[in-house]
Colleague: 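Quick one: structure below, then a few questions.
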Amino acid sequence: MERVRRKALVDAALRVIGDHGSLTVTMSDIARQAGVSPALAHHYFGSKEQLLIETIRSLLRQLRNDTVAALKAARTPRARLSAVIRVSFHADQFAPETIAAWLAFYAEAQRSEETRRFLVIYARRLRSNLLADLKVLLPADAAERIAEGAAAMIDGLYIRQSLKSAPIGIEASIALTEDYLNALLATASPSARSEKGRPHRTTQGQMT
């Protein structure tokens, strides 16, 4: 029951933060959304700050699990790159309240070292997963440059989802990122595209 209630509170925090668009929510707001008393919420997490930290941990954990599963299912370096891209725009991660929550955490990172640390972990994981397979296809310097660009594009398209006047859908975001990657792969190494059907035997970095 404790595990169920803790998850309910984390899910409620995500929804409330998404609705408010900031972390200026109260424990009472979150508890009300979860259908429990504020006292019970404090009992499980101690403070709103601890609940918010667990919320961002939960987001990272889900993203990591989805990425690991997608990478295991991909057979080639190029397919693994596509898996990382698709997971980044997964429907769960692309939900409006989730996007709003991520943006709120980025804003909080300007004053909270702990929040900033978690977001740095996310950025390093994304770059690592892209770089691991790019290095199989390209020289190291080209792989690093393209990994940085692809990661920046993923983050940029994700942030643009917050612009309700000009939203970009999941498939469109995936297609734009794939086009960017294909163009640079073709320029850096014309043979890279032929890797799509080649078995992949190298152990690559995964989100952990």
Side-chain angles (χ1 to χ4, degrees), residues 6-27 29-30 33-34 41 45 47-71 81-131 147-178 180 206-208:
R6 286 175 67 90
K7 184 179 186 308
L9 283 162
V10 168
D11 291 344
L14 185 61
R15 289 192 298 272
V16 172
I17 293 166
D19 288 343
H20 282 70
S22 75
L23 301 188
T24 58
V25 298
T26 66
M27 198 66 126
D29 294 330
I30 297 169
Q33 178 70 42
F45 289 98
S47 68
K48 185 188 83 170
E49 288 68 29
Q50 288 305 308
L51 175 52
L52 295 180
I53 289 298
E54 182 55 33
T55 302
I56 194 170
R57 275 188 179 138
S58 177
L59 287 171
L60 288 170
R61 193 180 305 122
Q62 184 61 56
L63 186 57
R64 177 198 61 197
N65 292 343
D66 289 346
T67 302
V68 169
L71 289 174
L81 289 168
S82 290
V84 172
I85 292 169
R86 184 161 287 277
V87 166
S88 297
F89 298 112
H90 190 275
D92 289 345
Q93 290 290 331
F94 234 45
E97 65 272 15
T98 305
I99 292 172
W102 274 112
L103 290 176
F105 282 121
Y106 271 103
E108 177 69 8
Q110 304 307 304
R111 71 174 191 84
S112 167
E113 181 61 30
E114 190 166 15
T115 302
R116 192 187 74 82
R117 181 172 64 84
F118 281 116
L119 294 175
V120 168
I121 289 172
Y122 154 73
R124 287 176 177 169
R125 286 175 177 173
L126 175 58
R127 181 181 181 278
S128 175
N129 280 304
L130 292 167
L131 187 57
E148 290 288 354
M153 188 169 190
I154 288 169
D155 287 342
L157 287 169
Y158 193 86
I159 289 171
R160 286 194 64 180
Q161 278 299 302
S162 65
L163 304 176
K164 308 233 186 289
S165 61
I168 301 174
I170 292 174
E171 293 304 323
S173 295
I174 291 171
L176 282 169
T177 310
E178 288 281 1
Y180 169 82
Q206 296 179 347
M207 279 197 171
T208 56

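Side chains are part of it too, since the values below use all heavy atoms of this structure and drop only hydrogens, waters and symmetry mates. Residue indices begin at 1 and follow the sequence shown.
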Colleague: What's the spacing between T98 OG1 and H90 NE2 if we round to 0.5 Å?
Modeller: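 These two atoms lie 11.0 Å from each other.
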Colleague: Could you tell me which non-hydrogen atom of E178 sits nearest to which non-hydrogen atom of S82, and how far apart they are?
Modeller: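 For E178 versus S82, the nearest heavy atoms are OE2-OG, 2.7 Å.
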Colleague: F105 vs W102 aromatic rings, parallel, tilted or perpendicular, using cut-offs 30° and 60°?
Modeller: perpendicular
Colleague: With sequence neighbours left out, what residues match E171 under side chain to side chain contact (heavy atoms under 4.5 Å, CB included)?
Modeller: R86, I174
Colleague: Using modelled atom types and a 3.5 Å cut-off, is there a donor and acceptor pairing between side-chain atoms of K48 and backbone atoms of L23?
Modeller: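 Indeed, once roles are kept as given, a pair shorter than 3.5 Å links the two residues.
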Colleague: Does any non-hydrogen side-chain atom of Y106 lie less than 4.5 Å from one of I159?
Modeller: no
Colleague: What's the separation between atom CG in L51 and atom CD1 in I30, rounded to the nearest 0.5 Å?
Modeller: 4.5 Å
Colleague: As a test of understanding, state which of L52, T24, D29, L103 forms a side chain to side chain contact (heavy atoms under 4.5 Å, CB included) with I17.
Modeller: L52
Colleague: Is there a donor-acceptor pair under 3.5 Å between the side chain of Y158 and the backbone N or O of Q93?
Modeller: yes
Colleague: Can you tell me how far the CG atom of L176 sits from the CG atom of L157, to the nearest 0.5 Å?
Modeller: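 Here the interatomic distance stands at 6.0 Å.
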Colleague: My understanding is that only residues two or more places apart in sequence, or in another chain, count here; which of them pass side chain to side chain donor-acceptor pair (under 3.5 Å) with Q62?
Modeller: D66
Colleague: If I compare all heavy atoms of S22 with all of A104, which pair ends up nearest, and what's the gap?
Modeller: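 Answer, listing the atom of S22 first, then A104: CA-CB, 3.8 Å.
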Colleague: Would you give the length of the straight line joining atom CG of L14 to atom OG of S58, rounded to the nearest 0.5 angstrom?
Modeller: 7.5 Å
Colleague: With a cut-off of 6.0 Å (strictly less than), are more than 12 heavy atoms of other residues, nucleotides or ligands near CZ of R124?
Modeller: no
Colleague: Do L126 and D155 have side-chain heavy atoms sitting under 4.5 Å apart?
Modeller: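 Side chain of L126 against side chain of D155, heavy atoms only: contact under 4.5 Å found.
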Colleague: What salt bridge (Lys or Arg N to Asp or Glu O under 4.0 Å) pairs are there with at least one residue in residues 89-110, not counting sequence neighbours?
Modeller: E108-R111
Colleague: Should D11 and R15 be marked as a salt bridge (Lys or Arg N to Asp or Glu O under 4.0 Å) after you check the CA-CA gap, both sets of side-chain angles, and the distance that decides it?
Modeller: CA-CA 6 Å; D11 291 344; R15 289 192 298 272; 5.2 Å; no
Colleague: Drop me the distance from L130's CG to S88's OG, to the nearest 0.5 angstrom.
Modeller: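 Between atom CG of L130 and atom OG of S88 there are 7.0 Å.
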Colleague: Indicate yes or no: at least one non-hydrogen side-chain atom of L59 is less than 4.5 angstrom from one of Y122.
Modeller: no
Colleague: What I'd like to find out is whether the side chain of I53 reaches to under 4.5 Å of the side chain of F118, using heavy atoms alone.
Modeller: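 Side chain of I53 against side chain of F118, heavy atoms only: contact under 4.5 Å found.
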Colleague: Rounded to the nearest 0.5 Å, how far apart are CD of E49 and CE of M27?
Modeller: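 Going from CD on E49 over to CE on M27, the span is 8.0 Å.
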Colleague: Step by step, would you call L119 with I56 a side-chain contact (heavy atoms from CB on, under 4.5 Å)?
Modeller: CA-CA 9 Å; L119 294 175; I56 194 170; 3.9 Å; yes
Colleague: What are the two closest heavy atoms between A8 and A34, and how far apart are they?
Modeller: O-CB, 3.9 Å
Colleague: Find out whether the Lys NZ or Arg CZ of R6 is both under 6.0 angstrom from the six-membered ring centre of F45 and within 45° of the ring's axis.
Modeller: yes
